[in-house]
Amino acid sequence: MDKKVALMIVPTGIGASIGGYAGDASLYAQKIARKIPLIVNPNIVNAAVFSGITEGMYYVEGYAIEEFVKGNIGLKPSCNNKIGIIFDRAISKNVLNIHINTINAVKTIYGIDVIGYEITEDSAGVEFFTTKSGASSGRVNNPATLLNAGKKLLQKGADAIAVVCAFDEPPEDDYENGNGVDIVGGVEAIISHYLTQKLLCPCVHAPAFEDVTITGKLVNPKVSAEYITPTFLPCLLFGLRNAPLLIDLTKSFEKENCITADNLHSVLVPYNALGSSVVLDALSANIPVYAIKENSSVLNIDKNKLMLNNVTELETYDDYLRILGN
């Protein structure tokens, strides 16, 4: 393929002022996708029972984005993917039934092809915490049980996989007021990265909490999508439906049918979240990187700290739109 695409990333669990909550970067991504096809990581558009995904976007998990920019993975455009779902055995019957009702509703209303689900043989054992930097992280004590369930779904014909693990209730913090860090986001990314790497297919995670009551108190609009539903599964299904398939370019000759790093026009990141391999690999390949100053994070890793003189800082995402032109 010879068309150009842009890449917009907002890493999960870093308290990004735009994209650190519940789909609150969607409107920014949608404006860009009207100008140029746009690769987005799920964190940008996922919003519980809603999704900001549009026809002009490619929904790609973070590990796959890293390997894409390195030139190791190609993105093969796809539609109407067959989706399998992994459920953590630690999820209670009541909460599991809510998720199964959700699957059936999405299938009935939208025609999304969910081929089935697998319950893990053992509990995944998910833990989450905040690091010294202020970013969220965590661990999965039994990742193999998730991987085994994923392999079964691939054998049944799944093209993409949604993952739902049991999470303890997060502590009270300022997240509901649109401040701070999503404390569960970091370990969600760990789960998605691990399964995407091992299974080489689109894999995205959502948490399941035992308390499924819906609050009647008002919360910040940036997080409101997460406070009106007992399940965050729908946005995964909306995104995975047309997510590009992942092609291992180190072993495949399908490059001509894929979007590759050669197609990459530019990369957009929060201005002080520049420490990822995506940024460094893009710069090494002479792909323009734009650090957007209206979007800040708790990481405080900007171009000056890393001495990256070839990163261009822009005040706003609208400034990037002006670069794209009419």
Task: Shared hydrophobic cluster, M8 / I36 (ILVMFWY, side-chain heavy atoms < 4.5 Å) - done: yes
Task: Y117: partners by ring-ring contact (aromatic ring centres under 6.0 Å, His included), with sequence neighbours left out - done: F87
Task: Nearest-0.5 Å distance that lies between atom CD1 in I44 and atom CE in M57 - done: 8.0 Å
- [ ] Kindly indicate whether the side chain of V69, heavy atoms from C-beta on, has any atom under 4.5 Å from the side chain of S277.
- [x] no
TODO: Please step through side chain to side chain contact (heavy atoms under 4.5 Å, CB included) for the pair I323 and L314, ending with a clear verdict.
DONE: CA-CA 10 Å; I323 289 174; L314 299 176; 3.8 Å; yes
Open item on the list: Measuring only between side-chain heavy atoms, which start at C-beta, is L324 closer than 4.5 Å to H265?
Closed with: yes
TODO: Fit a plane to each ring of F167 and F128, take the angle between them on a 0 to 90° scale, and name the class: parallel (under 30°), tilted (30 to 60°) or perpendicular (over 60°).
DONE: parallel
Open item on the list: Quick check for you: to the nearest 0.5 Å, what is the distance between R34 atom CZ and I32 atom CD1?
Closed with: 10.5 Å
Task: Residues E66 and S276: side-chain donor-acceptor under 3.5 angstrom - done: no
Open item on the list: What I want to check is whether the side chains of N220 and Y227 have a donor and an acceptor closer together than 3.5 Å.
Closed with: no
Open item on the list: With rounding to the nearest 0.5 angstrom, report the CG to CD distance, D319 to E294.
Closed with: 8.0 Å
Open item on the list: To the nearest 0.5 Å, what is the distance between OH on Y63 and CD1 on I190?
Closed with: 15.0 Å
- [ ] Kindly indicate whether the side chain of E210, heavy atoms from C-beta on, has any atom under 4.5 Å from the side chain of V95.
- [x] yes
- [ ] Indicate whether the side chain of T145 and that of N142 have a donor and an acceptor atom separated by less than 3.5 Å.
- [x] no
Task: Heavy-atom side-chain contact between P244 and I259 under 4.5 Å - done: no
TODO: Step through the shown structure and confirm whether more than 12 heavy atoms of other residues, nucleotides or ligands are within 6.0 Å of NZ on K303.
DONE: yes
TODO: Could you tell me which non-hydrogen atom of F209 sits nearest to which non-hydrogen atom of P170, and how far apart they are?
DONE: CE2-CD, 3.6 Å
Task: Option passing side-chain contact (heavy atoms from CB on, under 4.5 Å) with V278 (candidates V269, N41, V267, V289) - done: V267
Task: Spacing of D182 atom CG and Y175 atom OH [to the nearest 0.5 Å] - done: 4.0 Å
Open item on the list: Donor-acceptor pair, distance only, cut-off 3.5 Å: does the side chain of N81 make one with the backbone of L240?
Closed with: yes
Task: Sub-4.5 Å side-chain heavy-atom contact between P270 and I18 - done: no
- [ ] Please determine if K305 and D302 form a salt bridge, counting it only when a charged side-chain N lies under 4.0 Å from a carboxylate O.
- [x] no
TODO: Measure the spacing between CG of L147 and CD of Q197 and express it to the nearest 0.5 Å.
DONE: 10.5 Å
Task: N104 side chain to N101 backbone, donor-acceptor under 3.5 Å - done: no
TODO: Just jot down the ring-ring contact (aromatic ring centres under 6.0 Å, His included) partners of Y110, sequence neighbours excluded, or say none.
DONE: F238
Task: Backbone N/O of E127 and side chain of R139: donor-acceptor pair under 3.5 Å - done: no
Task: Full working for side chain to side chain contact (heavy atoms under 4.5 Å, CB included) between F68 and I39 - done: CA-CA 11 Å; F68 166 78; I39 299 168; 3.6 Å; yes
Open item on the list: Using only atom types and a distance under 3.5 Å, with no angle test, would you say the side chain of Q30 pairs donor to acceptor with the backbone of G52?
Closed with: yes
TODO: For residues L75 and C258, determine if any side-chain heavy atom of one lies less than 4.5 Å from a side-chain heavy atom of the other.
DONE: no
Task: Donor + acceptor pair across side chains of S266, Y320 (<3.5 Å) - done: yes
Task: Polar side-chain atom of D24 near backbone of A22 as donor-acceptor pair, under 3.5 Å - done: yes
TODO: Check step by step if side chain to side chain contact (heavy atoms under 4.5 Å, CB included) holds for T229 and I214.
DONE: CA-CA 6 Å; T229 174; I214 297 174; 5.5 Å; no
- [ ] Using the side chain to side chain contact (heavy atoms under 4.5 Å, CB included) rule, take S133 and L299 through it: C-alpha gap first, then chi angles, then the decisive distance, then the call.
- [x] CA-CA 6 Å; S133 70; L299 296 181; 4.3 Å; yes
Open item on the list: Between T54 and L38, is there a side-chain heavy-atom distance shorter than 4.5 Å?
Closed with: no
TODO: Answer whether the closest heavy-atom distance between the side chains of T316 and R322 falls below 4.5 Å.
DONE: yes
Open item on the list: Check whether S137 reaches the backbone of G186 with its side chain - one donor and one acceptor, N or O, closer than 3.5 Å.
Closed with: no
Task: Donor-acceptor side-chain pairing of E61 and S192 below 3.5 angstrom - done: no
